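This report concerns only the one structure given below.
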Amino acid sequence: MTGLSSCISFKTWYGWADFYIDWQVDRFFDVTSKQKSFLDDRLDQLHAWHRKDELPKYAAFLEEVKTRLNRKITLQDILWFRRKIREYSENIGCYIADDVSFFLADINDEQIKHLEEKLADDNDDWQEDSQRPEDVIRQEIIDGMIDNMEEWMGELSILQKKKIDLYVTVDKNHYRIRYQHRITSQQRFITLLKQKNTAGKYKEVLLDWFLNPEQFYSKEYSQMIQNSRNRLHYFILDFATTLTPRQRTHLFRMLDKYNKQIKELADNG
């Protein structure tokens, strides 16, 4: 949730979710009219379930975040936050598993070919973007972090901006590792689709992949992820010590704002 822009309300973003998912599925699979009808019906059901069952959990989550922010933040708080985000993601993944599997069992060879072409286009764009000068990429990341954090905490101090500057690094080797992981993951998925499995088999395999992604991490990728997380955890703990009373007040107001919208959406579900 910390990546949400305050310029767009959570209600608006949430209302666009169905359209965005529908558009993305069609972009990658060029769905038929029958498949689109199926997807629209299942997205309506997903949205209704999510409002009723999941949004109240998000509201409680934000209240707990506020409680933890009221005291000194510890590594255990950060790990708790990560676990909860993963839990909510897994809840959605498990809920849609049947529908996704049924949809994949219905796609044809032309749609698989279409998917391969779209993935190739995206990979070309990803590579092109990663080939830009390191200082340009780094400054974009710094500017993005500052903008996002100032939306949630108000104006940052010179010291806080300095900490962000020291934290952000760009390692082109990381791009290489991530790209290889991206390609092997896509190839694994395409291979699965070309096997023309039953919906039941797709569900079994995809849930295993989704719930246990680390099984496919290379040693290099796994180490990179762990190092990146450790650096992020240290940055958060260090940055939290610099928050002023004014920034904490601003942050709590933002959390209350989103919590109010979440509760309203849940009540109107």
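Keep in mind that this is a model prediction, so the values were computed, not measured. This chain uses plain numbering: 1 for the first residue, then up along the sequence.
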Review point. Cluster question for you: counting only ILVMFWY and a side-chain heavy-atom cut-off of under 4.5 Å, with indirect links fine, are W49 and L207 together?
Key: no
Exercise for review: Determine whether Q195 and L192 make a side-chain contact, defined as any pair of heavy atoms from C-beta on separated by less than 4.5 Å.
Suggested key: yes
Point to revise | Closest contact, heavy atoms only, L211 versus C94 | key: CD2-SG, 4.2 Å
Point to revise | From OG1 (T241) to CD1 (I236), nearest 0.5 Å | key: 12.5 Å
Exercise for review: Would you indicate whether Y221, at its atom OH, is surrounded by more than 12 heavy atoms from other residues, nucleotides or ligands within a distance under 6.0 Å?
Suggested key: yes
Review point. With a 4.5 Å heavy-atom cut-off, do L255 and L69 have their side chains touching?
Key: yes
Practice item. Answer with yes or no whether the hydrophobic clustering places V168 together with M224; edges join I, L, V, M, F, W, Y residues whose side-chain heavy atoms lie under 4.5 Å apart. Key: no
**Study point:** Exercise: do S101 and D98 side chains pair donor with acceptor under 3.5 Å
**Key:** no
Practice item. Would you check if the distance from the ring center of Y58 to the ring center of Y88 is below 6.0 Å? Key: yes
Study note, to complete from the structure: In this structure, CG of N108 is separated from NZ of K196 (nearest 0.5 Å) by 7.0 Å
Exercise for review: Would you check, one step at a time, whether the test side chain to side chain contact (heavy atoms under 4.5 Å, CB included) holds for R182 with Q127?
Suggested key: CA-CA 11 Å; R182 176 190 180 99; Q127 277 197 306; over 6 Å; no
Review point. Applying the 4.5 Å side-chain criterion to the ILVMFWY set and letting contacts propagate, would L39 and W23 be lumped into a single cluster?
Key: no
Point to revise | Atom pair OG/CZ of S89 and F210 - distance to nearest 0.5 Å | key: 3.5 Å
Exercise for review: State whether E64 and R68 are salt-bridged, where the test is any N-O pair (Lys NZ or Arg NE/NH1/NH2 against Asp/Glu carboxylate O) under 4.0 Å.
Suggested key: yes
Review point. Taking the inter-plane angle between the rings of H181 and Y217 on a 0 to 90° scale, is it parallel (under 30°), tilted (30 to 60°) or perpendicular (over 60°)?
Key: perpendicular
Point to revise | Greater than 12 external heavy atoms within 6.0 Å of E128's CD | key: no
Check your understanding: Hey, does Q160 have a side-chain heavy atom less than 4.5 Å from the side chain of M149?
Key -> no
Exercise for review: Report whether L206 and I190 are members of the same hydrophobic cluster (ILVMFWY, side-chain heavy atoms less than 4.5 Å apart, transitive linking).
Suggested key: yes
Point to revise | Close side-chain approach of R176 to D171, heavy-atom, < 4.5 Å | key: no
Practice item. Show your working on side chain to side chain contact (heavy atoms under 4.5 Å, CB included) between F103 and V25 and close with a plain yes or no. Key: CA-CA 10 Å; F103 170 79; V25 174; 3.9 Å; yes
Review point. Side chains of Q139 and D143: do they bring a donor and an acceptor to under 3.5 Å?
Key: yes
Check your understanding: Between I73 and A240, which heavy-atom pair has the shortest distance, and what is it?
Key -> CD1-CB, 3.7 Å
Exercise for review: Could you check whether the rings of F235 and Y167 sit parallel, tilted or perpendicular, using 30° and 60° as the cut-offs?
Suggested key: parallel
Exercise for review: Under the side chain to side chain donor-acceptor pair (under 3.5 Å) rule, what do H114 and D30 come out as? Steps first, then yes or no, please.
Suggested key: CA-CA 7 Å; H114 182 84; D30 191 22; 4.7 Å; no
Exercise for review: For the residue pair Q24 and R27, confirm or rule out a side-chain donor-acceptor distance under 3.5 Å.
Suggested key: yes
Check your understanding: Taking it one step at a time, do T67 and N70 satisfy side chain to side chain donor-acceptor pair (under 3.5 Å)?
Key -> CA-CA 5 Å; T67 298; N70 263 320; 5.8 Å; no
Practice item. Treating Ile, Leu, Val, Met, Phe, Trp and Tyr as nodes and any side-chain heavy-atom pair under 4.5 angstrom as an edge, say whether L193 and I183 lie in one connected cluster. Key: yes
Review point. So, E220 and Q180: side-chain donor and acceptor under 3.5 Å apart, yes or no?
Key: no
Exercise for review: Please say whether more than 12 non-hydrogen atoms of neighbouring residues, nucleotides or ligands are located less than 6.0 Å from CD1 in I158.
Suggested key: no
Review point. What closest approach, in Å, do L243 and M153 show between heavy atoms, and which atom pair accounts for it?
Key: CD2-SD, 3.3 Å
Exercise for review: Could you grab the distance from atom NE2 of H50 to atom CD1 of I96, nearest 0.5 Å is fine?
Suggested key: 10.5 Å
Exercise for review: Could you tell me if the ring centre of W152 sits under 6.0 Å from that of Y258?
Suggested key: yes
Check your understanding: Going through the distances and angles, do L43 and D99 end up as a side chain to side chain contact (heavy atoms under 4.5 Å, CB included)?
Key -> CA-CA 9 Å; L43 282 172; D99 294 336; over 6 Å; no
Check your understanding: Distance from I164 atom CD1 to I142 atom CD1, nearest 0.5 Å?
Key -> 8.5 Å
Review point. What distance do K162 atom NZ and D165 atom CG have between them, rounded to the nearest 0.5 Å?
Key: 5.5 Å
Review point. Does a side-chain N-to-carboxylate-O contact under 4.0 Å join D22 and K36?
Key: yes
Exercise for review: Could you tell me whether E87 and K84 have a side-chain N and a carboxylate O separated by less than 4.0 Å?
Suggested key: yes
Review point. Do N123 and Q186 have side-chain atoms, one donor and one acceptor, less than 3.5 Å apart?
Key: yes
Practice item. Quick one: sort the F189 and F29 rings into parallel, tilted or perpendicular, breaks at 30° and 60°. Key: perpendicular
Review point. Hey, is NZ on K57 packed in by over 12 heavy atoms from elsewhere, all under 6.0 Å?
Key: yes
Practice item. Quick one: sort the F216 and W209 rings into parallel, tilted or perpendicular, breaks at 30° and 60°. Key: perpendicular
**Study point:** Other residues, nucleotides, ligands: >12 heavy atoms within 6.0 Å of Y234 OH
**Key:** no
Point to revise | Exercise: identify the closest heavy-atom pair between R86 and P213 | key: NH2-CD, 3.6 Å
Practice item. Given side chain to side chain contact (heavy atoms under 4.5 Å, CB included), test Q35 with I107 step by step and report yes or no. Key: CA-CA 9 Å; Q35 290 168 341; I107 65 173; 4.2 Å; yes
Check your understanding: Is any side-chain heavy atom of Q223 closer than 4.5 Å to a side-chain heavy atom of I177?
Key -> no
Point to revise | Neighbour count above 12 (heavy atom, 6.0 Å) for R188 CZ | key: yes
Review point. What are the two closest heavy atoms between H250 and E151, and how far apart are they?
Key: NE2-O, 3.0 Å
Review point. Would F61 and W80 satisfy ring pair (Phe, Tyr, Trp, His ring centres under 6.0 Å), going step by step from the backbone distance to the final call?
Key: CA-CA 11 Å; F61 168 72; W80 166 83; 5.3 Å; yes
Exercise for review: State, yes or no, whether a side-chain contact exists between Y175 and Q131 at a heavy-atom distance under 4.5 Å.
Suggested key: no
Point to revise | Whether over 12 other heavy atoms sit under 6.0 Å from E155 CD | key: no
